There are 2 protein chains.
Amino acid sequence: MPKTSTALRTRTAKTESEALRHGSRSEHVYRKLRHAIEAGEWAPGQRVMEVEVAAWLNLSRTPVRDAIRRLEREGLLQHEPHNGLIVARLDRQAVMELYVMREALEGMAARLCARHASDIEAQSLLDMVERERNLDGDAEGVARHNRRFHEAIHRGAHNRYLEKSLAAVNDSMWLLGKPLMLLPERAQTAVREHAELAAAIACRDPDAAESAARAHVRAAQRERLRRLFPENGD
Amino acid sequence: MPKTSTALRTRTAKTESEALRHGSRSEHVYRKLRHAIEAGEWAPGQRVMEVEVAAWLNLSRTPVRDAIRRLEREGLLQHEPHNGLIVARLDRQAVMELYVMREALEGMAARLCARHASDIEAQSLLDMVERERNLDGDAEGVARHNRRFHEAIHRGAHNRYLEKSLAAVNDSMWLLGKPLMLLPERAQTAVREHAELAAAIACRDPDAAESAARAHVRAAQRERLRRLFPENGD
DNA sequence: GTGCACTCTAATGTATACACAAGAACACTC
DNA sequence: GAGTGTTCTTGTGTATACATTAGAGTGCAC
């Protein structure tokens with residue numbers, strides 16, 4: 001019974017972990033691996049081995065293990081029966097499930113955002129849309145901005161559990177390949193959809209916000225499926 | 001660049017991890033800790049230290065760390081600025097957010113279950129309700145059965161991302177104290193609500209299923225808030 | 001007496017060494 | 001030549017020792 005230690009509550013605290021972990025090697029490994037996956041440098045299906053990563057980054061296996069476990073729980077790495085640990089690979093069914101979930105969560109976030117966001121947060125969304133229009137040429141910039149815009153909505157919903165789930169789902173999106181926002185035609189459409197979404201939130205219209213968000217996700221899904229499974233005509 | 005290792009894909013597999021981890025000490029620690037939290041033996045706010053847990057279970061810190069990290073990511077443990085790692089403590093706001101999220105996810109699961117569950121799965125839900133009626137006296141049994149019933153719905157939705165999110169949210173529920181199902185009056189009402197929910201699913205009526213699930217969660221929430229914050233009259 | 005700096009300590013972060021499990025390759029038998 | 005047993009390789013699981021850090025307490029100066 002761990003409770004036996006008497007000085008339990010009074011004793012020192014240790015490690016205001018946030019600060020510490022920021023600079024920790026474990027965190028460093030985590031960022032590196034995550035970046036490698038997000039940037040597509042590590043393709044789905046590729047094996048990931050503790051020893052290799054450790055050798056790569058000149059570290060011991062301990063922090064590497066930490067990072068790997070974290071990515072595993074986030075769904076970016078997975079165990080495959082006869083292949084050990086690999087970068088997660090999504091089959092068609094998983095992709096469909098992912099988008100169903102994303103549509104629901106983004107819809108919920110938009111709805112809650114319309115109800116709970118502060119006026120400043122709502123205004124900031126409108127500003128972001130405005131700025132987005134001016135990024136026209138810069139594909140990378142648009143993609144980055146897109147991410148920020150959605151994260152702002154997630155925060156505006158003021159629900160930390162929703163935020164976490166959304167983060168998990170959107171992380172898994174990286175496994176599908178490069179963001180569609182890098183494509184000019186998708187970017188243009190998306191900006192219009194963002195404008196509609198932000199407007200609905202600013203008007204405090206939950207129903208409109210939810211359906212705008214859902215439509216936005218569905219549009220992305222259609223485009224994505226066309227690229228992932230072109231054989232299906234669709 | 002970890003890719004440099006040539007024999008990457010062809011080389012041996014290692015550890016069909018599922019099997020291995022089942023018996024691993026890490027897994028053992030995880031279960032123990034989780035059970036301690038679920039059973040309320042460790043109250044929210046209580047400090048958790050690697051060394052203590054390791055001493056308690058007669059293990060080294062390594063597997064303990066693993067388990068702790070996992071629980072941390074699941075939200076059952078959390079870092080508190082001047083207190084180190086503690087069993088997560090939910091403030092009122094967090095409780096509200098948790099229930100909002102739970103209502104949405106359970107609603108979604110019910111809706112998807114009505115659409116996607118196989119006939120066998122749907123029938124099985126009806127059977128479970130029937131069996132539940134006969135557990136009348138056995139509070140523990142009812143609580144266990146309740147859990148299974150909901151998990152069956154989650155599975156029936158056939159969406160692994162939804163399932164994972166629901167598991168996370170429901171795990172956090174344990175931090176609020178004992179399940180309400182242990183209370184006879186709540187159990188009785190819940191059985192009726194379950195019947196309605198299962199019926200809606202069996203009828204393949206997504207709208208009815210979703211609203212039944214949402215109503216069920218809201219009823220639980222009302223009861224819970226009454227117990228957690230009696231001062232608010234409500 | 002109050003404030004600051006120093007040291008000391010407890011807890012976690014990291015490295016390393018060893019244990020163990022599971023394929024894969026090889027050799028041996030039939 | 002094919003099947004099977006054995007050994008060898010490889011990768012992860014676990015233990016332990018050491019490094020590091022951040023609080024807490026103590027003592028000194030003012």
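Since we're looking at a predicted model, the values are computed, not measured.
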What N/O pairs connect the protein and nucleotides 15-19 of chain D at under 3.5 Å? Give each pair on its own line.
| from | atom 1 | to | atom 2 | distance (Å) |
| --- | --- | --- | --- | --- |
| D/dA15 | OP1 | B/R25 | NH1 | 3.1 |
| D/dA15 | OP2 | B/S60 | N | 3.0 |
| D/dA15 | OP2 | B/S60 | OG | 2.7 |
| D/dA15 | O5' | B/S60 | OG | 3.4 |
| D/dA15 | N7 | B/T62 | OG1 | 2.7 |

Problem set entry | Distance in angstrom units between B/N83 CG and D/dA22 C1', rounded | 14 Å
Exercise. How about B/H216 and B/H150: are their ring centroids closer than 6.0 Å?
Worked result: yes
For this session: Would you mind classifying the nucleic acid contact of B/V48 as base, sugar-phosphate or nothing, using non-hydrogen atoms under 4.0 angstrom?
Result: sugar-phosphate
Problem set entry | B/M49 side-chain proximity, nearest of D/dG11, C/dT14, C/dA11 | C/dA11
Exercise. Just how far, in rounded Å, is P of C/dT12 from CD of B/E72?
Worked result: 11 Å
Exercise. Can you check the B/I86 CD1 to C/dA11 C1' distance for me, whole Å?
Worked result: 16 Å
Problem set entry | For atom OH of B/Y30 and atom C1' of D/dG13, their distance in whole Å | 19 Å
Problem set entry | Flag, side chain of A/E132 to backbone of A/H145, donor-acceptor distance under 3.5 Å | no
For this session: Grab the CZ-P distance between A/R47 and C/dG23 for me, whole Å please.
Result: 11 Å
Problem set entry | Nearest-angstrom distance from the residue atom CG of A/L85 to P of C/dA21 | 20 Å
Problem set entry | Test item: B/E50 side-chain N/O and B/R61 main-chain N/O as donor-acceptor pair under 3.5 Å | no
Seminar exercise, completed: Here the distance between atom C1' of D/dG13 and atom CZ of B/R65, to the nearest Å, is 15 Å
For this session: Using the test salt bridge (Lys or Arg N to Asp or Glu O under 4.0 Å), find all partners of A/R131 that sit at least two apart in sequence or belong to another chain.
Result: none
Exercise. So is B/R224 actually on top of B/Y99's ring, under 6.0 Å and inside 45° of the axis?
Worked result: no
For this session: With sequence neighbours excluded, tell me which residues meet ring-ring contact (aromatic ring centres under 6.0 Å, His included) with A/F149.
Result: A/H194
Exercise. B/E80 CD to D/dG23 P: how many Å, rounded?
Worked result: 13 Å
